[in-house]
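A quick note: this is a predicted structure, and the numbers were derived from the prediction, not measured. Positions are given from 1 along the sequence.
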Amino acid sequence: MHKIAVGQAGGPTAVINASLVGFVDGLPENVELYGVMNGYQGLVLNEMERFDRSSLEWLKQHRGVPGACLGSGRYAFTSDLIVTAVLNLKARDIHTLVFIGGNGTMAALQKMSEAAASMNYELQTIGIPKTVDNDLSATDHAPGYASAAHFVSMSVRDINKDLEAMRNFEQVRIIETMGRNAGWLAMAAGLHKTCDGDGPHMICIPELAVAKEPFVRQVQNIVKDNGIATIVVSEGVAFEGGSQVQREVVNGRAVLGGISTEMEQLLRSELGLNVRSENLGMNQRSAMWAVSSRDHQEAYEVGKQAALYLEKGYSNVMISIQRSDAIGYNYDLKSVPLEQVFILGERMLPETFISNPADFYSWLEPLIGDQVRRYPPAWKRRKPHDLKYHKLEFGRSQ
């Protein structure tokens, strides 16, 4: 009987379990399925559980549940540990390994395949994409991103409305989003702007360095013209000449967070304004109320496609979502080599989206769908501020 191991790795998303269920639903009946517990750590510690009918039913109940029902997390998957993982699979006679994850997961799958080949052990590997950062290459977008983008755009819109009401007490709010090296999530914050003068008034992304003096001057001008300033900043943003702000280091990996606090302190000191910084936190990747129906469906479909490719004998590939040229929103599911995903590395915001935000929002809107209650524009705006102008005054990151 064909034995298959499946796992989830990296930071979870609100729809990662939907991909897992899609994969399980797409499998033929004559397979023996093992769940890898807690990501790649489960492969190393040999923590794999065989699914029977009862446990499969339990798993399928998680299609609409956030988090990762098999356990996920981050793990320092060194070369020695990769060999251990292959040996554990070999001891169980498992010849197919499927993992749901992002860049690190796809790279690990590629290394697992290479290690198995060097040991003359036949191992079929297939990657199912997921990430809220949308920094995964070789795909138009990754499941998990649209729902996180929906959360960010709705949250920022509502926080801005709250600030409008409190303008005689508080002038600036700085909202920090996820996004280690790419600004896809932060940029999504402007999706629901109803006019140029509406919030967010400034978006800072990792692709563009922030020079302190121009930053302070622009915020001052925004507050002068609007009475308030709503600023969105990705956690990976750094001041020009500085480095990303680290909250802590866990298992050798830097956990970013705190650039919004540094910006708050700078503006308070330089402008004497009442400034509040806040982090949108883990709700960005776990809020089920914000899940895009399209994102949820696509997450399920890429999982099911992985099962189809498994049956066809595909190996060392990742499922990719590719938009078609047909009118409206249409896409195809294709396979791309894991090696290609690894070589391309992290996918940053393209220059065309940075310099033309309207193009970015046209790209993003179909992923979220028409699930948004529209607000009227803010009353008595005086001098509109163009979002593109504020971003492009910043220096280019190296």
Under a plain distance cut-off of 3.5 Å, with no hydrogens placed, do [Y] and [X] share a side-chain donor-acceptor pair?
{"X": "Y75", "Y": "N38", "result": "no"}
{"X": "T96", "Y": "Q124", "result": "yes"}
{"X": "Q8", "Y": "N17", "result": "yes"}
{"X": "Y34", "Y": "R92", "result": "no"}
{"X": "Q244", "Y": "N181", "result": "yes"}
{"X": "T352", "Y": "D359", "result": "no"}

Pairwise side-chain contact, [X] with [Y], heavy-atom cut-off 4.5 Å (strictly under):
{"X": "F77", "Y": "V44", "result": "yes"}
{"X": "Y121", "Y": "H95", "result": "yes"}
{"X": "H201", "Y": "N160", "result": "yes"}
{"X": "I319", "Y": "F23", "result": "no"}
{"X": "M37", "Y": "L70", "result": "yes"}
{"X": "V83", "Y": "M119", "result": "yes"}
{"X": "C204", "Y": "S234", "result": "no"}
{"X": "I343", "Y": "Q340", "result": "no"}

Which heavy atom in [X] sits nearest to a heavy atom in [Y], and how many Å separate them?
{"X": "D158", "Y": "Y375", "value": "OD1-OH, 2.9 Å"}
{"X": "A142", "Y": "D295", "value": "O-OD1, 4.4 Å"}
{"X": "A9", "Y": "S72", "value": "C-OG, 3.0 Å"}
{"X": "N88", "Y": "L43", "value": "ND2-O, 2.7 Å"}
{"X": "I94", "Y": "M48", "value": "CD1-SD, 4.2 Å"}
{"X": "S362", "Y": "P366", "value": "O-CD, 3.2 Å"}

Point to revise | Salt bridge present between K111 and E114 (N-O < 4.0 angstrom) | key: no
Review point. When you check the gap from the basic side-chain N to the acidic O, do R180 and D133 get nearer than 4.0 Å?
Key: no
Please answer whether the main-chain N or O of [Y] pairs with a side-chain N or O of [X] as donor and acceptor at a distance below 3.5 Å.
{"X": "R347", "Y": "T139", "result": "yes"}
{"X": "S113", "Y": "Q110", "result": "no"}
{"X": "H192", "Y": "S153", "result": "no"}
{"X": "T13", "Y": "V132", "result": "no"}
{"X": "Q284", "Y": "M178", "result": "yes"}
{"X": "H150", "Y": "A290", "result": "yes"}
{"X": "E298", "Y": "G144", "result": "no"}
{"X": "N134", "Y": "H141", "result": "no"}
{"X": "S19", "Y": "A299", "result": "yes"}
{"X": "N103", "Y": "D135", "result": "yes"}

Check your understanding: Can you say whether the rings of F360 and F353 are parallel (under 30°), tilted (30 to 60°) or perpendicular (over 60°)?
Key -> perpendicular
Review point. Going through the checks in order, is the side chain to side chain contact (heavy atoms under 4.5 Å, CB included) test met by V233 and M263?
Key: CA-CA 9 Å; V233 57; M263 287 181 164; 3.8 Å; yes
Review point. Around atom CD of E122, are there more than 12 heavy atoms of other residues, nucleotides or ligands at under 6.0 Å?
Key: no
Exercise for review: Might you confirm whether atom CD of E49 has over 12 heavy atoms from other residues, nucleotides or ligands at distances under 6.0 Å?
Suggested key: no
Separation between [atom1] of [X] and [atom2] of [Y], rounded to the nearest 0.5 Å:
{"X": "N316", "Y": "L338", "atom1": "CG", "atom2": "CG", "answer": "5.0 Å"}
{"X": "L267", "Y": "L273", "atom1": "CG", "atom2": "CG", "answer": "7.0 Å"}
{"X": "L97", "Y": "K3", "atom1": "CG", "atom2": "NZ", "answer": "14.5 Å"}

Exercise for review: Could you walk me through whether E301 and Q305 pass the side-chain hydrogen bond (donor to acceptor under 3.5 Å, both in side chains) test, one step at a time?
Suggested key: CA-CA 6 Å; E301 289 176 359; Q305 187 74 9; over 6 Å; no
Review point. Among R167, Q171, R173, M166, which residue meets the side chain to side chain contact (heavy atoms under 4.5 Å, CB included) test with N274?
Key: Q171
Exercise for review: Given side chain to side chain contact (heavy atoms under 4.5 Å, CB included), test F239 with I259 step by step and report yes or no.
Suggested key: CA-CA 9 Å; F239 281 120; I259 181 61; 4.0 Å; yes
Is [Y] reachable from [X] through a run of hydrophobic residues whose side-chain heavy atoms are each under 4.5 Å from the next?
{"X": "V65", "Y": "V15", "result": "no"}
{"X": "M282", "Y": "M154", "result": "yes"}
{"X": "V336", "Y": "F342", "result": "no"}
{"X": "Y314", "Y": "I100", "result": "yes"}
{"X": "Y145", "Y": "M348", "result": "no"}

Practice item. Show your working on side chain to side chain contact (heavy atoms under 4.5 Å, CB included) between Y329 and E365 and close with a plain yes or no. Key: CA-CA 10 Å; Y329 177 74; E365 279 181 334; over 6 Å; no
Exercise for review: Report the C-alpha separation of L109 and M318 in whole Å, then their side-chain angles, then the decisive distance to 0.1 Å, and conclude whether the side chain to side chain contact (heavy atoms under 4.5 Å, CB included) test is met.
Suggested key: CA-CA 10 Å; L109 272 179; M318 181 191 80; over 6 Å; no
